Amino acid sequence: MYDVAVIGAGAAGMMCAAVAGQRGLRVVLIDHADKLAEKIRISGGGRCNFTNLGAGPANFLSENPHFCRSALAGYGPRDFLDLLRRHGVSWHEKHRGQLFCDDSSESVIDVLRAECGAGNVQWRMGCAVAEIAREAGRGEEPGAGSDARAAADGVYVLRTTTAGVLRAARLVIATGGMAIPQLGATDYGLKVARQFGLKVVEPRPALVPLTFDPALWQPFAALSGVALEAGVRSGQGEFLEDLLFTHRGLSGPAILQISSYWNPGEPLSLDLAPGLDLGQDLVAAKPGNRQQLGTVLAGLWPRRLAEAWLERDGLAAQRLADTPDKALRALAARIHDWTLTPTGTAGYKKAEVMRGGVDTRGLDQKSMQARGVPGLHFIGEAVDVTGWLGGYNFQWAWASAVACGKAL
């Protein structure tokens, strides 16, 4: 009999198990994978973008946007940095508050493993939970330091593939979302939520490249690999980030960011010359300028993009001095507001996270416990809280895990 069973030994699961174990609870941490924390290991190009200095509620999407405030206020980026300092892990800031390990992602995994060790957490790796049942309280003897009231509310019975039957007074679901299924990601957490009557916000890929109709994209397919800074807008989202052309569509930080806000059928608006008044600049540079438009735009853009854009517009052979002011302003308007509608996303295989998840209106924001289901908690990516690109989703994992671990 355990006080707490945590299913999912990723970022949130290990952090929650460590916190609960160090508070005197008897904890078992279960994961179906043989290898620990693969998503942490590959993140940030192998250096783990483990948080963002600016992380706050405004950097997260949810149908219940205020839900994340309590957890983020209780455990912020500086708290995680203090943890890394205690373990001698060094880091650096790469871009806009994004923090990475100086060495490798293994440093973060080692810290979490050590913290679990300090809490005497029991591990069950390569162990899938095939069935979860909840038995009414029958006066089972709780483990040392456990919450006797929780035990009285009932016991969770887990039938596993390699560890037999495990029992726990409280159950934490930290199984993540469906992004990167090649690493073993599934919808397990959502199935558990539905089993116990919780609502689920429709899941879908987020922080993911967007695709376009092949015929419409044909003029740009040859630009694969071209990158530039761009502004992008869709729905409630607006970002200024790097944009990357691919064979099938658009990617790069700008598109990954906006993909979390984009809904099928909606257009994107791209500003490919942010911070400029290109129409005014072109007209002002026109007198006596015998350069071709392609040469002028190549001073702003990668040359391949300038040539493809003007070819599409029928202006490839046009010289700046010979182009009417009206035509220059129209060209600039198209560049500042390039509107196009994606046909879809590159899917969970290319997504960094899942948007949607367990509806937070059915959870307590301080403990992550399901309302009406005593002792059942959901944390991390399985919950309908999705962060921006740049370390925010790891910060949600730490914050939701600590809030839950303390409440246990």
Side-chain angles (χ1 to χ4, degrees), residues 2 4-22 25-51 80 83-84 86-89 91 99-130 158 160-164 166 168 171-189 192 348 352-354 377-383 391 393-402 404-405 408:
Y2 291 93
V4 183
V6 180
I7 304 179
M14 283 193 284
M15 178 66 98
C16 181
V19 171
Q22 291 179 32
L25 300 183
R26 187 164 182 248
V27 182
V28 60
L29 181 55
I30 309 162
D31 199 286
H32 69 280
D34 293 315
K35 198 168 183 179
L36 183 63
E38 277 292 272
K39 278 194 175 181
I40 297 179
R41 185 170 285 108
I42 69 167
S43 67
R47 290 184 183 270
C48 189
N49 179 194
F50 55 80
T51 192
F80 193 74
L83 176 63
L84 296 187
R86 293 200 299 273
H87 288 266
V89 176
W91 67 86
L99 301 186
F100 293 77
C101 296
D102 285 346
D103 295 325
S104 77
S105 303
E106 294 288 347
S107 301
V108 172
I109 297 173
D110 290 344
V111 167
L112 295 171
R113 185 189 288 114
E115 288 292 305
C116 285
N120 296 312
V121 173
Q122 302 295 305
W123 295 84
R124 298 291 185 274
M125 296 296 295
C127 177
V129 178
L158 314 180
T160 73
T161 55
T162 60
L166 302 175
L171 176 62
V172 179
I173 305 298
T175 49
M178 294 185 283
I180 323 182
Q182 54 271 39
L183 294 183
T186 71
D187 63 347
Y188 183 89
V192 174
Y348 283 116
E352 296 202 10
V353 295
M354 177 187 77
H377 304 250
F378 292 84
I379 60 175
E381 191 183 342
V383 173
N393 287 290
F394 272 123
Q395 186 56 46
W396 171 246
W398 316 136
S400 61
V402 170
C404 179
L408 292 170

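The model shown is predicted, which means the values in this text are computed figures rather than measured ones.
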I'd like to check [X] versus [Y] (side-chain heavy atoms, cut-off strictly below 4.5 Å). Are they in contact?
| X | Y | result |
| --- | --- | --- |
| H32 | Y188 | no |
| D110 | H87 | no |
| H377 | V4 | no |
| L171 | I7 | yes |
| L83 | M15 | yes |
| L166 | I30 | yes |
| V172 | L408 | yes |
| T51 | F394 | no |

Can you check whether [Y]'s main-chain N or O pairs, donor with acceptor, with [X]'s side chain at less than 3.5 Å?
| X | Y | value |
| --- | --- | --- |
| T175 | G189 | yes |
| Y348 | G177 | no |
| K39 | A11 | no |
| S400 | I379 | no |
| E381 | M354 | yes |
| R41 | L36 | yes |
| N49 | L99 | yes |
| Q22 | E115 | yes |
| S104 | R47 | no |
| W396 | G380 | yes |

- prompt: How are the rings of W398 and F80 set relative to one another: parallel (under 30°), tilted (30 to 60°) or perpendicular (over 60°)?
  reply: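 Ring orientation, 0 to 90° scale: parallel.
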Rounded distance [0.5 Å steps], [atom1] in [X] versus [atom2] in [Y]:
| X | Y | atom1 | atom2 | answer |
| --- | --- | --- | --- | --- |
| C101 | L84 | SG | CG | 6.5 Å |
| R124 | D31 | CZ | CG | 13.5 Å |
| I40 | C48 | CD1 | SG | 6.0 Å |
| F100 | F50 | CZ | CZ | 9.0 Å |

message: Restricting to ring pair (Phe, Tyr, Trp, His ring centres under 6.0 Å), what partner residues turn up for F378, sequence neighbours left out?
response: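 Not a single residue meets the ring pair (Phe, Tyr, Trp, His ring centres under 6.0 Å) criterion with F378.
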task: Return the set of residues passing side-chain contact (heavy atoms from CB on, under 4.5 Å) with I42 (not counting sequence neighbours), or none when no residue passes.
output: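 In terms of side-chain contact (heavy atoms from CB on, under 4.5 Å), with neighbours along the sequence ignored, I42 is linked to I180, L183.
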query: Excluding sequence neighbours, so at least two apart, what forms side-chain contact (heavy atoms from CB on, under 4.5 Å) with D102?
result: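 S90, H92.
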